[in-house]
Every structure is written in C-alpha cells, then in structure tokens.
Amino acid sequence: MSLVVLGLSHHGAPLSLLESVALTPEARTALEREVLRSEHVSEVVVVSTCNRTEVYAECLTFHGALTDVTAALAAACAVDRADLQPHLYVHYEERGIAHVFSVAAGLDSMAVGEVQILGQVRRSLARAQRHGHVGPNLNGVLQQALRVAKRVHTETGIDLVSGSLVQAGLARAEAALGPVSGLSVLVVGAGGMGALAAATVAREGARTVVVANRNHERARSVAERVGGSARPLTELRGALAGADVIVSSTGAPGRVVLLDDVTEALGARGGRPQVYVDLALPHDVDLAVGDLAGVTRVGLAELGEDLAAADSAPQVADATDLVTAEVAAFILARSAEAVAPTVTALRTRAGELVDAELARLERRTPDLSDTERAEVRRAVERVVDKLLHTPTVRVKELAQDGQGGSYARALSELFDLDPRDVSVVSVPPTIPGEEA
C-alpha cells in the first residue's frame, strides 16, 4: 500500500475556488466515508483550512484511488470536476510523505512557519481516528509529521519569522488607523484563529477587545482569557459600530458581516474609519464592504502577498533542512520495515528445510551419537547462513536506496516464500502531468 496526496491550495488555486472546497468538520468526515467506499483506498484523512483542502489516502492501486478520490472531492464540494482538475496537485509515496511533513511544519502555509496548521492537522487526524478512517500506515505518517513539526518550532528560529495572518492583518490596520494600542477591536469568531486574534490584540494593548461568537459561552471563555468582553453573534450589528478594527474568522458557510450592517455602523460612528480583516474561507465580510468610503477591507489574498517575503528567511532554510532530513530518515526506516518480512520469511523457510533434512538424516543414520548429530547440525546451519548472507544484506542495502521492493518479490518467487508473510512493496507509477 502507498500514500497518495490529492489537493489544492493557495499556491495554485484562486481564492474563489478555495472557498468552494472549504469543508466543515462534518463535511470532511462525510468525504472520508465516501472515499473509503472505493475498493482502491484503505485509509483516509481530509485536512481543510483557510488556504488548502487535501485528501491523504493510503491506496491499494494508484490510478484507481486517484480517480475515486477526485470524484469524491468534486462531489463533496459541489464543484464540477472539469473546474477542479486544473488546480489539483498529486503527490505519491515519498513525495507525498515529504509534502505532509512540510504542511504540518507550516512550510507550505501562506504564513510560512505558522503554528496553527500543526493543531489543524492534529485535530483532523483525531477526528478521522474517532470514525475509524485511519489505520497503521497513514497514522504512522501523520504522527511522525506532527512530531517533526514540533521539533521545527522548538529547535529552529522559524517562530521569529513566521508572521501569522493575524499579525499581517493588524499591520494593515495600523497602517490605516495607527497603533493597535489606541484602537477598539472586535473579534468575530472564537475558534482557533479567533482566539489567536483576541490574544494578539490584547498583547498589543488594544483599548478594548470584544469577542462575538455564535456560541456565547465560547466567546465568554476567550474574552475572559484576554481581559475582554463577549457578545452573542445576534448583537453583531450593534457591536460593529463600536469597533475600529474588526477581525473575522468564523468558518461559517455564508457571509457574516453584511454590507447593510457596515453601512449602518459607519453612520452610527459619524464616518470614522474602520478596517475589516477577513481571515475566513469562505470569506465572512461582504466584498462590497471594501467599496465604502472610510472602510478598508483586507482579505487572504492581500495578506498572502504581505507574507510572501518570509520564504527567503534563513530560519526557513534551517527548518526546511530539518524536515528534509526527517523525511529521508522516515522513508529509510519504512523501506527497511517493508523488506523485513521477506528476510524473516526467507530465514524461516531455510530453518524449516534444515530441520526437515536433519530429521531425514536421523532416520537413515540412527547410530550417530548426540555429539555427532550436533556437529552435523552446526555444519548445515553454517552453510545455510553463508548462502543466505549475501541476499539478506543485499535486500537491506537496496531497501535503503528505495529498490528493495522488486528484489524482495524476486526472493519470494525464487524461494517459494509464503506470500502472507511477505509485505508487498508497491512501485510508484508514472503520474501523468506531475512535475519531475
């Protein structure tokens, strides 16, 4: 079995399409369930964030899995497959493993090095585990990716340059309105991004911090941690008028901050300017809000441009080197594990043959002493060990170079090994259209 990653992200897909494929946790679970209906897929995890939607699948056959996963993704997002296909990328086996590790470490994010993706991948894995959609192979890849991501944030300086979307949005707000320390901030949404926004503006010394959320208890919990206040989402229209900066990230399927609401808020403020930082996908703030006089609307597209320069930072290179080394170590260990059953089966088969021949010898030569029989056994075992030494060492060496699969299968055929005891190592097919 082999890993296939199919998805699209901010790197090559327009935000309008990313909005269409952004999936709620319930929708991700439903998509996983649909993917597992395929006879070509045995395990699956779906990760969907504000700048990517990806399906990680452990597949039995590559092309069959790719066809079924693509169809399931298009159906789940209600997007025509012809519109989806040009923006999809596919990574197989080693490249898939490297991609998953990079994603978890934040190296593939719009805000390079951001730590939020680590929690998002962890929650996606936990959700898939609860529903029984993950087995040992995919779980092993993702668990190691999470461990490596922790090392990246602990052992490199990535956090020093990993400006978050929240920080980029606040920089835009300060450019328009002045320091956050003199501003009133309304945070709409109390999930992971909303909590981060509230903590960030509080740390910057915002004059007031208000958290509005559909679940009022959740809003109160976030607000209390930062010394702010909470309001139910039903009172959003009134809350808008009192805020200089509105940071919104709800994960709602439709618009949350409407044009009429903002127009009314501007009137109540006497035209004093506002900045709306929209971190949601699909976007929370009506696009037409940006056309109002005195209003600045900042979305993910603008913030992505602001954060692009972080890619060249030396700390990012350090983090990339660490991830690359960990990917190589993981692939090497997995290759060794893949040929281990063949080596074990080969030696088991040899041991059975030795036992059978010595039993036959004992029947034909009953007069041999115990000492003589022991010497004969040692001689036969030495001969067998010497014969098996070269193929055993060679299969392990080839496994380190990624070539152990075909050699292991050849040994299985030549020595008539039990196929139930030998892992089948798939050979990566050529992926049409994938970069070399």
Side-chain angles (χ1 to χ4, degrees), residues 1-7 9-11 28 43-59 89-129 133-165 192 196 307 310-338 340 399-402 428:
M1 293 189 291
S2 305
L3 174 67
V4 167
V5 174
L6 176 80
S9 75
H10 62 98
H11 289 299
R28 294 170 217 164
E43 306 175 32
V44 63
V45 172
V46 174
V47 174
S48 188
T49 73
C50 66
N51 53 45
R52 77 180 59 251
T53 291
E54 296 181 335
V55 180
Y56 306 151
E58 191 70 19
C59 66
Y89 46 77
V90 179
H91 301 299
Y92 182 81
E93 263 303 84
E94 286 86 355
R95 288 182 62 173
I97 293 169
H99 179 77
V100 173
F101 278 43
S102 293
V103 167
L107 294 177
D108 196 62
S109 296
M110 183 180 292
V112 176
E114 52 101 0
V115 73
Q116 287 75 30
I117 185 64
L118 176 58
Q120 291 164 331
V121 173
R122 183 186 295 111
R123 289 190 292 274
S124 294
L125 175 59
R127 176 184 45 75
Q129 288 173 332
H133 297 166
V134 180
N137 294 312
L138 196 50
N139 183 68
V141 172
L142 288 170
Q143 292 285 8
Q144 184 61 16
L146 292 172
R147 284 191 285 269
V148 171
K150 288 181 181 178
R151 283 196 59 202
V152 166
H153 288 284
T154 301
E155 301 178 19
T156 75
I158 192 71
D159 291 341
L160 299 177
V161 294
S162 60
S164 71
L165 290 170
L196 174 63
L307 292 165
D311 288 358
S312 59
Q315 293 91 340
V316 175
D318 292 341
T320 301
D321 289 345
L322 191 157
V323 169
T324 300
E326 287 288 349
V327 168
F330 182 82
I331 291 173
L332 180 61
R334 205 168 76 152
S335 297
E337 290 175 1
Q400 294 180 359
D401 296 331

Does Asp318 form a side-chain contact (heavy atoms from CB on, under 4.5 Å) with Ile158? I'd like the steps, not just the answer.
CA-CA 8 Å; Asp318 292 341; Ile158 192 71; over 6 Å; no
Applied to residues 103-113, the salt bridge (charged side-chain N to carboxylate O under 4.0 Å, His left out) test, sequence neighbours excluded, yields Arg52-Asp108
For Val46, is there any backbone N or O sitting under 3.5 Å from a side-chain donor or acceptor partner on Arg127?
yes
Test log, rule side-chain contact (heavy atoms from CB on, under 4.5 Å), inputs Val100 and Glu54
CA-CA 10 Å; Val100 173; Glu54 296 181 335; over 6 Å; no
Min side-chain heavy-atom separation Leu165-Cys50 under 4.5 Å
yes
State which residues pass salt bridge (charged side-chain N to carboxylate O under 4.0 Å, His left out) with Arg147; sequence neighbours excluded, sorted by chain then number.
none
Arg95 side, atom CZ; Tyr89 side, atom OH - distance, nearest 0.5 Å:
12.5 Å
Is a side-chain N or O of Glu43 found less than 3.5 angstrom from the main chain of Leu138, in a donor-acceptor match?
yes
For Ser124, check side-chain hydrogen bond (donor to acceptor under 3.5 Å, both in side chains) against everything at least two apart and list the hits.
none
Quick one: does His91's side chain have a donor or acceptor within less than 3.5 Å of a partner on His99's backbone?
no
Identify the heavy atoms of Ile117 and Ala104 that sit nearest to each other, and give their distance.
CG2-O, 3.8 Å
Side-chain heavy atoms of Val152 within contact of Leu107, under 4.5 Å:
no
Between Leu3 and Glu58, is there a side-chain heavy-atom distance shorter than 4.5 Å?
yes
So which heavy atom on Gln144 is nearest to which on Phe330, and how close?
CG-CD1, 3.6 Å
